[in-house]
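Inspection log for the structure reproduced underneath, given as structure tokens.
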Amino acid sequence: MGAPTDLKYSNDHEWVRVEADQATVGVSDYAQGQLGGLVFIELPSVGDALIAGEAFGEVESVKSVSELIAPVSGEIVEVNTALEGAPETINNDPYGAGWIVKVALSEPAQLDELLDADAYEQHIS
Amino acid sequence: MSNEALKRTPLFEEQLALGAKMVPFAGYEMPVEYSSLIAEHEACRNSVGIFDVSHMGELRLSGAGAKDFLLRMLTNDLERIDEVGAAQYTLMLDEDGHIIDDLIVYNTGGEYLIVVNASNRETDLEWLSSQAPGDVEIVDESERTALVAVQGPKALQVIGELAGKDWTAPERFCIREALLDASLPALIARTGYTGEDGVEVFVHARDAVALWRLLLSFPEVSPAGLGARDTLRLEVCYSLYGSDMDRTRTPIEAGLGWVCPKTRSGYVGAEVIAAQREDPPAEVLRYLLLERGIPRHGYEVWSPDRLLGQVASGSHAPSLGRGIATAYLPREDTKPGTKVEVDIRGRRFPAEIVKPPFYHAQ
């Protein structure tokens, strides 16, 4: 699956969908493929601060643990708690039902530092 | 270890063609996963999974003194496999009662085949050779032997079809020759490491690819990697050498006293086992079941303000949807039913000490 062109991407393989001053964050299809089947997720809570470049949660496959690295800063306004019972949703639908958090952006200028789909495809090739 | 130094089994190319993710394991480049560890695990629990375990070592012992020699070198009662075709799980100890290796010994008629851990093959061979009298011959057949484990509730049906209708499957823990697809000479052992019914198929290395392709021609068969092999064995509490036991642990500590019959004496390490039966060791291998969180090797186990030990084997258990682990813990304070905590990257998760196994094959 190619990286959707309406999203922005971090070097750490998170994607961001921007709607006004709010952003939805998830992990890329490439990343979920590298992680393998996910069996556990540790999510942050609504109200927590997201700080670009810092870990905001963890995902685990049977064999490995990986941190979720925030692509942007802001306050978490919604958490996809359905993932706790079904972390494999991230594998099955990384850009849709596998979204992880929604944030109120505190520094929208950070978006300019993210990659567009073409640049991200280059990054992972 | 650089990749150049890693060995490959005769099935390496087949695995690459199937998209396997390869990792270094015991000096070999081995498939850890094909497409999905969990799907491979479930295939083995519900249908058939096949595992390339050609990295394991096969040693053949023959000669007039072979039986007496193995009676001295191995803990289990070899007299119980006097019948040709019988097999037995057993241990090899050093003089201190520490476990050199765990292995399966097969009576193949006038000689014994022993299947040992890949990582211990050289050590085992050196130890056995150093101890063997003149009337015992030991041949390392590992390089010319391929081994494929065919495991799962439909495994016997698949092997039965390949072996032909005149062939009868060996009883559990027995071994029998077969001619698969009327062309491939094989030794079929009704043994395995998954808790499921199934067999392990020994063929000449040159026949490995043909066997692998024959097995995969059945729609009910899926290739499975070392990742699934590990979750399958941990769910049923089969010990893994190097994690659940090693050269610092005795069978009594490792929960393998049942492999050292009380009626036996005279084998290497027997005095230590007898002494530990009288005066039990301070630490034993315990089994931990978590509500949530995945325990992993090296994580600390607490009670709750005292450090009890570290996780030996730990994983998510696909058949249970829970985290499971083994750990060497103080025997007195961790009887089954005891609540403990596992430190998972700085956070404590509750766990209960349970009686093995975590999972019973259906």
Side-chain angles (χ1 to χ4, degrees), chain A residues 1 12-13 27-51 53-70 76 79-95 97-98 100-101 124-125, chain B residues 19-25 30-45 222 224-235 240 243 290-299 311 313-325 342-349:
Chain A
M1 192 193 315
D12 301 311
H13 312 290
V27 301
S28 73
D29 183 54
Y30 171 81
Q32 70 76 19
Q34 294 292 308
L35 293 166
L38 297 180
V39 294
F40 194 75
I41 186 164
E42 197 71 52
L43 291 166
S45 306
V46 169
D48 286 357
L50 207 63
I51 299 164
E54 294 194 3
F56 67 98
E58 286 176 339
V59 284
E60 298 191 52
S61 67
V62 174
K63 285 285 152 209
S64 66
V65 187
S66 303
E67 290 185 325
L68 298 166
I69 306 294
I76 294 171
V79 175
N80 188 0
T81 50
L83 295 176
E84 284 175 341
E88 67 277 9
T89 308
I90 291 174
N91 299 110
N92 300 334
D93 190 8
Y95 299 118
I100 299 170
V101 291
I124 59 178
S125 64
Chain B
K21 202 180 289 180
M22 307 300 285
V23 296
F25 183 83
M30 297 295 290
V32 65
E33 181 178 30
Y34 291 86
S35 53
S36 158
L37 189 159
I38 290 176
E40 292 159 28
H41 178 108
E42 284 168 357
C44 187
R45 287 273 180 256
S222 304
L226 292 182
R229 187 168 156 84
D230 191 52
T231 52
L232 289 157
R233 70 95 196 163
L234 187 56
E235 284 185 345
L240 172 64
S243 292
L290 281 71
E291 281 298 326
R292 57 188 299 277
I294 304 175
R296 298 182 188 276
H297 179 78
Y299 288 6
V311 169
S313 295
S315 179
H316 171 79
S319 304
L320 308 173
R322 309 261 296 266
I324 56 174
V342 180
D343 185 318
I344 298 182
R345 301 183 297 284
R347 277 183 56 199
R348 297 285 185 85
F349 287 75

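A, B, ... follow the sequence lines: proteins, then strands. Residue 1 opens every chain.
When all heavy atoms of A:Val62 and B:Ser315 are compared, the pair lying nearest together is CG1-OG, 3.5 Å.
Atom CZ of residue B:Arg296 and atom NZ of residue A:Lys63 lie 8.0 Å apart, to the nearest 0.5 angstrom. With rounding to the nearest 0.5 Å, the separation of CD1 in B:Ile294 from OG in A:Ser61 is 7.5 Å. Atom CZ of A:Phe40 and atom CG of B:Leu290 lie 9.0 Å apart (nearest 0.5 Å).
With a 4.5 angstrom heavy-atom cutoff, B:Ser36 does not touch chain A via any of its atoms. Looking at B:Arg292, the atoms closer than 4.5 Å to chain A (heavy atoms on both sides) sit in the backbone and in the side chain alike. Using a 4.5 Å cut-off between heavy atoms, B:Ile38 contacts chain A through its side chain alone, with no backbone atom that close. If you measure heavy-atom distances from A:Glu42 to chain B, the contacts under 4.5 Å come from the side chain alone.
Under a 4.0 Å N-O distance rule, the pair A:Glu58/B:Arg345 qualifies as a salt bridge.
Highest contact tally toward chain A, considering only B:Gly293, B:Gly321, B:Gly227, is held by B:Gly293 [criterion: heavy-atom pairs under 4.5 Å].
For the pair B:Lys21/A:Gln34, no side-chain contact is recorded, criterion being any heavy-atom separation below 4.5 Å from C-beta on.
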